Number of protein chains: 2
Amino acid sequence: MDALSQDTKTRILDAAETLFTEHGFEATSLRSLTSAAGVNLAAVNYHFGSKEELFQAVLTRRLDPMNQERIDLLAQYEREAGGKPLTCEKILSAMLIPALKLSRDPRRGGKDFLRVLGRAYADPAPFIRNFLSAQYAEMISRFKDAFLKALPHLTKQELTWRLHFVMGALSYTLAGTDALKLMAQVMPQDKDNDEMLLQRLAPFLAAGLKAPLGDTKKLELVAGD
Amino acid sequence: MDALSQDTKTRILDAAETLFTEHGFEATSLRSLTSAAGVNLAAVNYHFGSKEELFQAVLTRRLDPMNQERIDLLAQYEREAGGKPLTCEKILSAMLIPALKLSRDPRRGGKDFLRVLGRAYADPAPFIRNFLSAQYAEMISRFKDAFLKALPHLTKQELTWRLHFVMGALSYTLAGTDALKLMAQVMPQDKDNDEMLLQRLAPFLAAGLKAPLGDTKKLELVAGD
DNA sequence: GCTCGATTCAAACGCCCGTTTGAATCCATC
DNA sequence: GATGGATTCAAACGGGCGTTTGAATCGAGC
């Protein structure tokens with residue numbers, strides 16, 4: 001009864017999280033999904049309305065709490081700092097720690113969920129894009145403000161670009177796709193691997209964020225051919 | 001006759017590049033694809049064997065020349081340096097310039113192709129993963145060697161991680177997905193936007209690569225809850 | 001123990017999918 | 001101008017898709 005006794009909605013969400021991870025949204029059929037969840041085929045449309053709404057529900061279940069945790073942690077750090085601007089590393093911690101905690105918690109979907117999220121980032125379907133933008137809006141705006149104070153040498157525009165790069169490295173890394181098999185022979189043990197990961201990611205991103213403004217001469221482009 | 005006079009294979013590849021960009025691999029049907037290309041439905045299976053092989057052909061057509069260009073440019077820089085190790089920025093240029101040139105050249109698929117590539121990075125389908133690994137193997141290995149010489153303070157393992165982050169930021173940026181609509185109000189003009197982009201990306205990545213090794217204390221994790 | 005809304009179920013609906021087939025057409029070669 | 005391989009074509013194949021339906025079942029409240 002243990003795992004099977006959950007209610008239908010949860011069973012569907014759990015199965016969807018796994019299968020969307022493995023095959024993506026389009027390639028996952030409701031027939032395989034409901035049969036993996038041990039529920040009737042019609043249950044998805046009854047409880048969620050449609051396959052698209054189910055996908056959004058899969059994301060919301062994990063994303064809402066994680067982003068709220070990020071916002072709360074940032075606020076706590078700011079309270080502790082008593083008005084003084086936070087360091088770059090501290091702000092990054094407020095972003096990374098909730099994500100890492102989620103990835104380590106199998107009861108909240110763990111790495112599976114972060115992989116679904118990583119794929120969603122790259123999906124051009126409008127219903128996904130709009131949904132993600134709305135979900136992240138508040139968190140992004142708060143962290144942008146914090147970074148602006150921590151990095152006074154950056155213009156708003158420059159910071160926006162750099163946050164763009166940060167989100168890229170972060171999503172690629174947390175999703176753990178490693179499309180190019182870079183990590184093939186690098187990881188001897190899986191133990192505390194994700195902790196290591198963020199220990200390495202944070203200094204990399206902090207250095208990038210703190211970098212002086214780019215020299216226009218550094219990247220010379222052959223315009224002609 | 002101009003655009004329509006191309007041979008069937010090319011017409012299919014062009015239409016596939018566009019449609020895979022807009023809807024992804026699974027969500028693009030051969031019926032819509034062949035009708036957009038103005039060819040018979042059976043033409044894809046006749047010329048490419050299957051939908052999967054068509055997808056690989058779409059990637060190869062652009063990826064092979066771009067990665068060869070990267071390798072050649074790196075070799076040229078190394079020749080010019082005459083044995084001395086290259087700077088981080090110079091090596092990054094050898095990665096970024098061919099990608100940027102491709103993205104600016106509509107005759108080679110331009111941004112459309114890079115978006116297909118960005119999505120492929122996040123796709124878990126084995127036939128895509130294996131294909132990408134093989135395509136990138138040589139380029140990655142050469143650039144890893146170059147970076148190792150340029151960044152002697154990094155271990156091989158640390159460099160592998162940082163290259164992972166670099167590829168993340170690069171693919172997210174070049175794919176131009178901007179899942180979180182960060183850039184909404186930032187881009188006043190589209191002109192030479194991508195040039196600006198890499199002018200900003202290169203310093204960011206160079207600073208990250210050159211960062212000192214991470215302090216284990218910087219990111220404190222609450223292990224318990 | 002009957003009622004009634006909530007939930008589950010098997011079955012079907014209509015549609016689109018990737019692929020195959022075999023005949024029709026093209027076109028360089030003899 | 002007949003030949004024959006390469007290509008195009010319309011049509012069909014078998015199957016899976018998301019969704020809907022209407023009856024069966026459940027279970028708390030009277």
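Below, chains carry the letters A, B, ... as their sequence lines are ordered, and counting in each starts from 1. Predicted model only: the values in this text are computed from it and were never measured.
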(message) Nearest whole Å is fine: how far is dC26(D) P from Asp7(A) CG?
(response)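 After rounding, the reported distance stands at 18 Å.
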(message) Expressed as a whole number of angstroms, how long is the span from His47(B):NE2 to dT19(C):C1'?
(response)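 Distance check: His47(B) NE2 to dT19(C) C1' gives 16 Å.
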(message) Show, in sequence, the C-alpha distance, side-chain angles and deciding distance for Asp112(A) and Phe20(A), and conclude whether the side-chain contact (heavy atoms from CB on, under 4.5 Å) test is met.
(response) CA-CA 9 Å; Asp112(A) 268 2; Phe20(A) 286 156; over 6 Å; no
Does [Y] offer a backbone N or O that forms a donor-acceptor pair with the side chain of [X] under 3.5 Å?
X         : Y         : result
Arg162(B) : Gly208(B) : yes
Ser141(A) : Ala137(A) : no
Arg70(B)  : Ala94(B)  : no

(message) Tell me whether the rings of Tyr172(A) and Tyr121(B) are parallel (<30°), tilted (30 to 60°) or perpendicular (>60°).
(response)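 Tilted, since the angle between the ring planes falls between 30° and 60°.
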(request) Over 60° means perpendicular and under 30° means parallel, so classify the ring planes of Phe25(B) and Phe127(B), tilted if in between. (result)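 Judged by the thresholds at 30° and 60°, the geometry between Phe127(B) and Phe25(B) is tilted.
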(message) Measuring only between side-chain heavy atoms, which start at C-beta, is Phe147(B) closer than 4.5 Å to Leu92(B)?
(response)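 Sidechains of Leu92(B) and Phe147(B): in contact.
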(request) Return yes if a side-chain donor-acceptor contact under 3.5 Å exists between Gln68(A) and Asp64(A), otherwise no. (result)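 No.
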Sort me out a list of protein N/O and nucleotides 13-22 of chain D N/O pairs below 3.5 Å, or just none if empty.
unit_1	atom_1	unit_2	atom_2	d
dC17(D)	OP1	Ser29(A)	OG	2.7
dG18(D)	OP1	Thr28(A)	O	3.4
dG18(D)	OP1	Lys51(A)	NZ	2.8
dG18(D)	OP2	Leu30(A)	N	2.7
dG18(D)	N7	Arg31(A)	NH1	2.6
dG18(D)	O6	Arg31(A)	NH2	2.6
dT19(D)	OP2	Asn45(A)	OD1	3.2
dT19(D)	OP2	Lys51(A)	N	3.1
dT19(D)	O5'	Asn45(A)	OD1	3.4

(request) Please map the stems of DNA chain C, keeping only stretches of three or more Watson-Crick or G-U wobble pairs with both distances under 3.5 angstrom. (result)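 Detected stem regions: C:3-30 with D:1-28.
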